[in-house]
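To start, the structure itself, in structure tokens.
Just so it is clear, the values below take in all heavy atoms, side chains as well, and ignore hydrogens, waters and symmetry mates.
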Amino acid sequence: MSKREKQLLNVENSDIGMLQFCLKVLYERERDDLAWRLVKRFGSVAGIFSATHEELMQMDGVTDRVATFFTVLRPLQRQAQLRAVKGLTLMTEREVAEYAAVYFMNECNPTDVCVCLDKKYRVYHAERLGMDERIREFASIVCRRNAQKVVLMRLEPRLNVKPIIPSPERLKLLIQMTKLTGALGIEVVDYVEYYQSCFFSLRRAVGGDIGAYHVFDAGDEKVAPWKTVNADISDYYTAAIAHTIQKNLK
């Protein structure tokens with residue numbers, strides 16, 4: 001073990017030690033060399049759990065079984081922790097923003113998540129959208145889970161949040177999603193793009209208040225049917241594109 005590795009082990013003894021133990025169990029032998037290579041590649045133990053299955057499989061010595069273990073375990077733990085909160089509802093902008101802040105804690109990669117709610121706005125399932133065909137995957141989730149309402153969340157891990165509206169491509173995707181939910185009778189409560197400590201709310205933007213807001217500045221008002229994004233997103237899309245074009249022409 002190098003001097004640098006010894007120093008890191010002293011600082012992060014619990015994390016590195018647990019990683020080494022997990023790999024030993026998974027491979028049924030010591031794999032300390034792989035543990036250090038993984039930490040070096042992804043920056044930390046937390047970074048390993050945030051990596052995609054494809055990124056892990058690119059590492060020499062990582063098997064499909066091990067890559068699956070790391071990609072499934074952390075989301076499972078996060079979901080279990082969130083589900084353990086009794087009576088967790090996403091009925092106000094503040095609740096949605098705080099939920100996103102907890103869900104994306106320590107994440108570093110862009111991530112899309114579909115949160116399924118029952119008719120009383122209670123969370124009972126959250127699942128990441130990992131495929132390229134987002135619409136098909138989204139349809140599969142809401143149908144399999146029999147969602148009554150959904151919250152869509154996206155992590156945008158950027159330090160400098162200059163854009164205050166989603167990209168045109170993202171808005172087109174959201175229009176397709178809301179058309180799908182509308183046909184299925186499912187309400188989209190909100191779409192939130194979460195940054196470091198602030199967020200963009202599509203529901204608020206549809207109402208005419210466009211911007212990025214700190215989590216603590218989220219509103220406490222309850223969701224009203226006329227405030228949902230299903231009906232008005234197409235008009236908002238047209239206005240947002242016009243706003244972007246006008247801004248670029250200046």
Side-chain angles (χ1 to χ4, degrees), residues 75-76 78-105 107 111-131 133-156 165-166 170-194 198-210 213 215 217-237 240:
L76 178 65
R78 180 187 289 109
Q79 185 164 307
Q81 289 175 328
L82 291 171
R83 277 180 161 183
V85 180
K86 188 176 181 180
L88 178 64
T89 62
L90 300 185
M91 203 170 177
T92 69
E93 184 184 77
R94 177 179 286 275
E95 289 170 342
V96 173
E98 290 178 346
Y99 182 91
V102 173
Y103 192 97
F104 293 129
M105 188 180 297
E107 289 287 346
T111 307
D112 288 299
V113 176
C114 173
V115 185
C116 298
L117 313 176
D118 64 17
K119 62 182 180 180
K120 293 185 177 180
Y121 295 88
R122 293 177 299 203
V123 178
Y124 64 87
H125 182 72
E127 189 168 334
R128 299 186 179 212
L129 304 178
M131 296 171 54
E133 297 184 24
R134 288 287 198 270
I135 300 297
R136 190 176 72 177
E137 188 177 13
F138 174 64
S140 173
I141 292 171
V142 296
C143 290
R144 282 189 289 108
R145 298 295 177 178
N146 193 29
Q148 303 295 307
K149 307 174 188 293
V150 296
V151 171
L152 292 166
M153 306 189 304
R154 177 170 177 80
L155 172 65
E156 286 288 353
I165 59 175
R170 171 63 41 168
L171 286 170
K172 286 181 181 178
L173 179 64
L174 291 170
I175 288 175
Q176 290 178 288
M177 287 181 168
T178 53
K179 284 183 177 178
L180 172 65
T181 56
L184 294 172
I186 300 171
E187 176 187 331
V188 178
V189 176
D190 203 353
Y191 165 77
V192 165
E193 279 193 4
Y194 182 76
C198 59
F199 69 98
F200 165 90
S201 165
L202 182 59
R203 185 166 65 90
R204 185 186 282 214
V206 166
D209 194 358
I210 304 174
Y213 305 92
V215 173
D217 295 327
D220 283 322
E221 73 281 1
K222 292 186 178 181
V223 175
W226 59 271
K227 284 188 174 182
T228 58
V229 303
N230 289 63
D232 302 319
I233 185 173
S234 294
D235 291 339
Y236 170 73
Y237 169 76

What distance separates Cys143 SG from Ile186 CD1, expressed to the nearest 0.5 Å?
-> 6.0 Å
Could you check if a side-chain atom of Arg204 sits within less than 4.5 angstrom of a side-chain atom of Glu93, using non-hydrogen atoms only?
-> yes
Apply side chain to side chain donor-acceptor pair (under 3.5 Å) to Asn146 and list each qualifying residue two or more places apart in sequence or on a separate chain.
-> none
What residue among Val151, Val150, Leu180 forms side-chain contact (heavy atoms from CB on, under 4.5 Å) with Val188?
-> Val150
If only atom types and distance count, is the side chain of Glu98 paired as donor or acceptor with the main-chain N or O of Glu95 below 3.5 Å?
-> no
Side-chain heavy atoms of Val115 within contact of Met153, under 4.5 Å = yes
With a 4.5 Å limit on heavy-atom distance, are the side chains of Phe138 and Asp112 in contact?
-> no
Are Leu174 and Leu202 close enough that some pair of their side-chain heavy atoms sits under 4.5 Å apart?
-> yes
Minimum side-chain heavy-atom gap Tyr121-Leu90 below 4.5 Å = no
Considering residues at least two apart in sequence or located in another chain, which fulfil the salt bridge (Lys or Arg N to Asp or Glu O under 4.0 Å) criterion with Glu137?
-> none
Taking 4.0 angstrom as the limit, do Arg203 and Asp209 come out as a salt bridge?
-> no
May I ask you to say whether Arg144 pairs ionically with Glu127, meaning some side-chain N is under 4.0 Å from a carboxylate O?
-> yes
Would you say the side chain of Met177 lies within less than 4.5 Å of the side chain of Ile135, judging by non-hydrogen atoms?
-> yes
Under 4.5 Å between any side-chain heavy atoms of Tyr103 and Leu155, yes or no?
-> no
Between Asp190 and Ser201, a side-chain donor and acceptor under 3.5 Å | yes
Between Leu129 and Cys114, which heavy-atom pair has the shortest distance, and what is it?
-> CD2-CB, 4.4 Å
Gap between atom CD of Gln148 and atom NZ of Lys119 - 0.5 Å precision | 7.5 Å
Asp118 to Arg122 - nearest heavy-atom pair and separation | OD2-NE, 2.7 Å
Taking the side chain as every heavy atom from C-beta outward, state whether Leu184 and Val142 have any atom pair closer than 4.5 Å.
-> yes
Which class fits the ring pair Phe199 and Tyr213: parallel under 30°, tilted 30 to 60°, perpendicular over 60°?
-> tilted
Those residues that, when tested against Tyr191, pass side chain to side chain donor-acceptor pair (under 3.5 Å) (two or more places apart) = Glu193
What's the verdict on side-chain contact (heavy atoms from CB on, under 4.5 Å) for Glu187 and Val223, showing C-alpha distance, side-chain angles and the deciding distance?
-> CA-CA 11 Å; Glu187 176 187 331; Val223 175; 3.8 Å; yes
Going from OG1 on Thr111 to CD on Glu156, what distance comes out if it is rounded to the nearest 0.5 angstrom?
-> 9.5 Å
Worked check of side-chain contact (heavy atoms from CB on, under 4.5 Å) between Tyr99 and Val123 | CA-CA 10 Å; Tyr99 182 91; Val123 178; 3.9 Å; yes
Could you state the interatomic distance from CD1 (Ile141) to CZ (Arg134), rounded to the nearest 0.5 Å?
-> 9.5 Å
How long is the gap from CG on Leu171 to CD on Gln176, to the nearest 0.5 Å?
-> 11.5 Å
Can you check whether Ala147's main-chain N or O pairs, donor with acceptor, with Tyr124's side chain at less than 3.5 Å?
-> yes
